[in-house]
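All heavy atoms count here, side chains included; hydrogens, waters and symmetry mates do not.
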Amino acid sequence: MNYTYGNLIGGTWRDTSASFQTVNPARPSQFIGNYSVADSALAQEAVAVATRAQREWARLPAARRCEEVGRYIDAIESNAARLAEAITLEQGKTLAESRNEVAKACAESRFMMQHVMSGEGTRHVPSLRPGVRNMVVRRPRGVIVAITPWNFPVMTPMRKIAPALGFGNAVIVKASEFTPAAVCVLGELAMEILPAGLVQVLHGGAAVGSVLVGHAQVHGVTFTGSVATGRRIVEASSKNLAAVSLELGGKNAAVIHDTHDLEACLDQVAQAALMCTGQRCTAVSRVLVRRELHADVAQGLARRASALKLGDGSLPETQLGPITHQGQLEHIRASVRRARDDGAEVLAGGRDIEVPGCDGGLFFAPTILDRVRPDTAAACEEIFGPVISLIEYETLDQAIAILNDVDFGLTASLFSNDAGATARFVDECQTGMIHINHGTVPDSHMPFGGIKASGVGAYSVGPSAAAFYTTEHSVYLGV
Ligand code: NAD
């Protein structure tokens, strides 16, 4: 499959003189797509078009907007196979994972429409003056810029597009330069169903991204990606003081304290760590294990990691796809090398893998690093690959101290049947999302976000999204 796309401005695809190509990470000699890079002039035009489209859209009753977005979600569902293929060819994950991604994106988007219709955040408030009624209402924020990474090419953009539209905004998506095909398909479907200019798609990297973020007519910037880029976004958006929502990295831990069913627990942990080849912001990347369970956990995780079949995500027998791009593969290799230098033992993987029929494929074996010291990089820094760092502890106090002693605060799991341990974990674990007795995969309707270096601003998904996609107004209704 070859994709060729320009930038979606208003209702048309527009080319510039610069372009870039994408390849299949399972077979990097296979060319997948050719995309036109948006320049500053196109970015300015996109903002002007969005401004006009948003004015009309915001005038529609919320119920009508949600109905139209509902038809858009229906179209995405009808095109699930086409979207899944686009995801797998550029991102590398298995077709089954890609189909799940599209289904989850649709489920989340439908839940968001329910939140729009619930009118959350709007209320009557008693007045201090006789005969006056006070109200708090929320209105669309305006033009939203959505900047997205490469690991969830449909779900992350839709997590921004659906609430933006439902709450009455226009949205400009700056797709990741590694996985633009699926976002272009989302743009095509929007063109068929929604008024032109409400969903626009631009391609390119930091150059076009920073023009959009710093534009005076942009009212909100929602970004998902790395901490380093998040900091740049905050700097650029300070020019026009746009509202900012950042969803950043994680160093997510599963704490295995005591469990009646260790095999089921390890199935959950291995899945949460390794699905999408570990390239999920919510992937488990540290396993903190109580000393008495250490040997069994190490052995069980190594067995599960070694049993996985890596390959081309398009083939039905593949369980784990490649790393999405060369720079990420090099980062994973360097992280594992450094962990070894810091004294970690490699129980499984730790190296590239050659897959027959996938020449030059970017495959890294699922890796279990044992005896990782809590003060080393493998215990504290994001690897964003199929790598689990095992850290031993003796007491729950120690586990919670190690758990919280990192910059990140996205998600964590505790495996324990002890009510006291569970209560302490819920109270003291410094992450935005907390799971007890299962992995770190979130539900489609729960608030999604992190604290510390993992996120800034309102959580996406659920009622909190209104805080970013709308503005608040105090209204005094006199007689
Ligand atoms: P990245 O920060 O390199 O890039 C993300 C996006 O930002 C891309 O579209 C890129 O083109 C754009 N960009 C880069 N520089 C920019 C600039 N100066 N101005 C505007 N835009 C700019 O991240 P990535 O490598 O694509 O994704 C991996 C990271 O994303 C990991 O750290 C991962 O944890 C994080 N992530 C977080 C979540 C979450 O919900 N918390 C979800 C997925 C991924």
Asker: Q271 side chain to G439 main-chain N or O, any donor-acceptor pair under 3.5 Å?
Answerer: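 Not a single qualifying donor-acceptor pair exists.
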Asker: Exactly one of L274, V289, L266 should register a side-chain contact (heavy atoms from CB on, under 4.5 Å) with L301. Which one does?
Answerer: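 Of all the options given, the one that passes is L266.
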Asker: Show, in sequence, the C-alpha distance, side-chain angles and deciding distance for D74 and R110, and conclude whether the salt bridge (charged side-chain N to carboxylate O under 4.0 Å, His left out) test is met.
Answerer: CA-CA 10 Å; D74 290 345; R110 288 197 203 286; 3.1 Å; yes
Asker: Can you check whether G300's main-chain N or O pairs, donor with acceptor, with R304's side chain at less than 3.5 Å?
Answerer: yes
Asker: Going by atom types only, do S98 and K93 share a side-chain donor-acceptor pair under 3.5 Å?
Answerer: no
Asker: Might you work through the side-chain contact (heavy atoms from CB on, under 4.5 Å) test for F415 and S413, ending with a clear yes or no?
Answerer: CA-CA 7 Å; F415 288 85; S413 291; 3.9 Å; yes
Asker: Should the heavy atoms of other residues, nucleotides or ligands under 6.0 Å from CD of Q299 be counted, would the total exceed 12?
Answerer: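 Count not over threshold, so no.
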Asker: Can you see which heavy atom on F152 is nearest to which on C276, and at what distance?
Answerer: CZ-SG, 4.5 Å
Asker: Could you check K174 against E177 for salt bridge (charged side-chain N to carboxylate O under 4.0 Å, His left out), going step by step and ending with a plain yes or no?
Answerer: CA-CA 9 Å; K174 209 297 285 162; E177 51 277 54; 3.6 Å; yes
Asker: Between R14 and E45, is there a side-chain N and carboxylate O pair less than 4.0 Å apart?
Answerer: yes
Asker: Please check this pair: side chain of N79 against backbone of R82, looking for a donor-acceptor N/O pair closer than 3.5 Å.
Answerer: no
Asker: Taking the cut-offs as 6.0 angstrom to the six-membered ring centre and 45 degrees off its axis, would you call R159 and F448 a cation-pi pair?
Answerer: yes
Asker: With no hydrogens and no angle check, is any side-chain donor or acceptor of Q328 less than 3.5 Å from a backbone partner on F384?
Answerer: yes
Asker: Hydrogens and angles aside, do T94 and Q319 bring a side-chain donor and acceptor to less than 3.5 Å of each other?
Answerer: no
Asker: Between R27 and G360, is there a donor-acceptor pair closer than 3.5 Å when you use the side chain of the first and the backbone of the second?
Answerer: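 It does not hold such a pair.
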Asker: Under 3.5 Å, is there a donor-acceptor pair linking the side chains of R280 and T282?
Answerer: yes
Asker: Does either side chain, that of H294 or that of D370, offer a donor lying less than 3.5 Å from an acceptor on the other one?
Answerer: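 Short answer, yes.
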Asker: Under 3.5 Å, side chain of E97 to main-chain N/O of M275, donor-acceptor pair present?
Answerer: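 No.
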Asker: Answer yes or no: is there a donor N or O on one side and an acceptor on the other, between the side chain of Q200 and the main chain of A46, under 3.5 Å?
Answerer: yes
Asker: How many angstroms lie between CG in L89 and OG in S314, if you round to the nearest 0.5 Å?
Answerer: 5.0 Å
Asker: Testing the 3.5 Å rule here: is there a donor-acceptor pair between the side chains of D261 and T259?
Answerer: no
Asker: If you take all heavy atoms of C66 and V116, which pair is closest and at what distance?
Answerer: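 Nearest pair, atom of C66 first, then V116: SG-CG1, 3.6 Å.
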Asker: Any sub-3.5 Å donor-acceptor pair from T148's side-chain atoms to T156's backbone N or O?
Answerer: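 A pair under 3.5 Å: no.
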Asker: Take V213 and V218, measure what side-chain contact (heavy atoms from CB on, under 4.5 Å) needs, and give me the verdict at the end.
Answerer: CA-CA 7 Å; V213 170; V218 166; over 6 Å; no
Asker: Got a donor-acceptor contact below 3.5 angstrom from the K452 side chain to the V406 backbone?
Answerer: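 Present.
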Asker: At their closest point, which heavy atom of A377 faces which heavy atom of D342, and how far apart are they?
Answerer: N-OD2, 4.1 Å
Asker: Establish, from distance only, whether the side-chain atoms of Y35 and Q21 form a donor-acceptor pair under 3.5 Å.
Answerer: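 Judged by distance alone, the side chains do not pair up.
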Asker: Side-chain donor-acceptor pair under 3.5 Å between T16 and S36, yes or no?
Answerer: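 Their side chains do contain a donor-acceptor pair, which is all the 3.5 Å distance test asks for.
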Asker: Any chance CD of E317 has more than 12 other-residue heavy atoms, nucleotides or ligands included, within less than 6.0 Å?
Answerer: yes
Asker: At their closest point, which heavy atom of A253 faces which heavy atom of L288, and how far apart are they?
Answerer: CB-CD1, 4.2 Å
Asker: When you measure from the side chain of S306 to the backbone of R303, do you find a donor-acceptor pair of N or O atoms at a distance under 3.5 Å?
Answerer: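 Such a contact is absent between S306 side chain and R303 backbone.
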Asker: In this structure, which one of T324, T179, T22 forms a side chain to side chain donor-acceptor pair (under 3.5 Å) with E90?
Answerer: T22
Asker: According to the interplanar angle, ranging from 0 to 90°, do the rings of Y3 and Y5 count as parallel (below 30°), tilted (30 to 60°) or perpendicular (above 60°)?
Answerer: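 Rings of Y3 and Y5: parallel, as their planes differ by under 30°.
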Asker: Start with the C-alpha gap between E68 and L194, add the side-chain angles, then the distance that decides, and say whether side-chain contact (heavy atoms from CB on, under 4.5 Å) holds.
Answerer: CA-CA 7 Å; E68 294 207 23; L194 298 164; 4.0 Å; yes
Asker: CG of L403 to CZ of F425: how many Å apart, nearest 0.5 Å?
Answerer: 5.0 Å
Asker: Return the minimal non-hydrogen interatomic distance between E120 and P463, and the atom names on each side.
Answerer: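 In terms of heavy atoms, the two residues are closest at OE2-CB, 3.1 Å.
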Asker: Using only heavy-atom distances, determine whether the side chains of E108 and H445 contain a donor-acceptor pair under 3.5 Å.
Answerer: no
Asker: Considering non-hydrogen atoms only, spot the tightest contact between L410 and S454 and give its length.
Answerer: N-OG, 3.2 Å
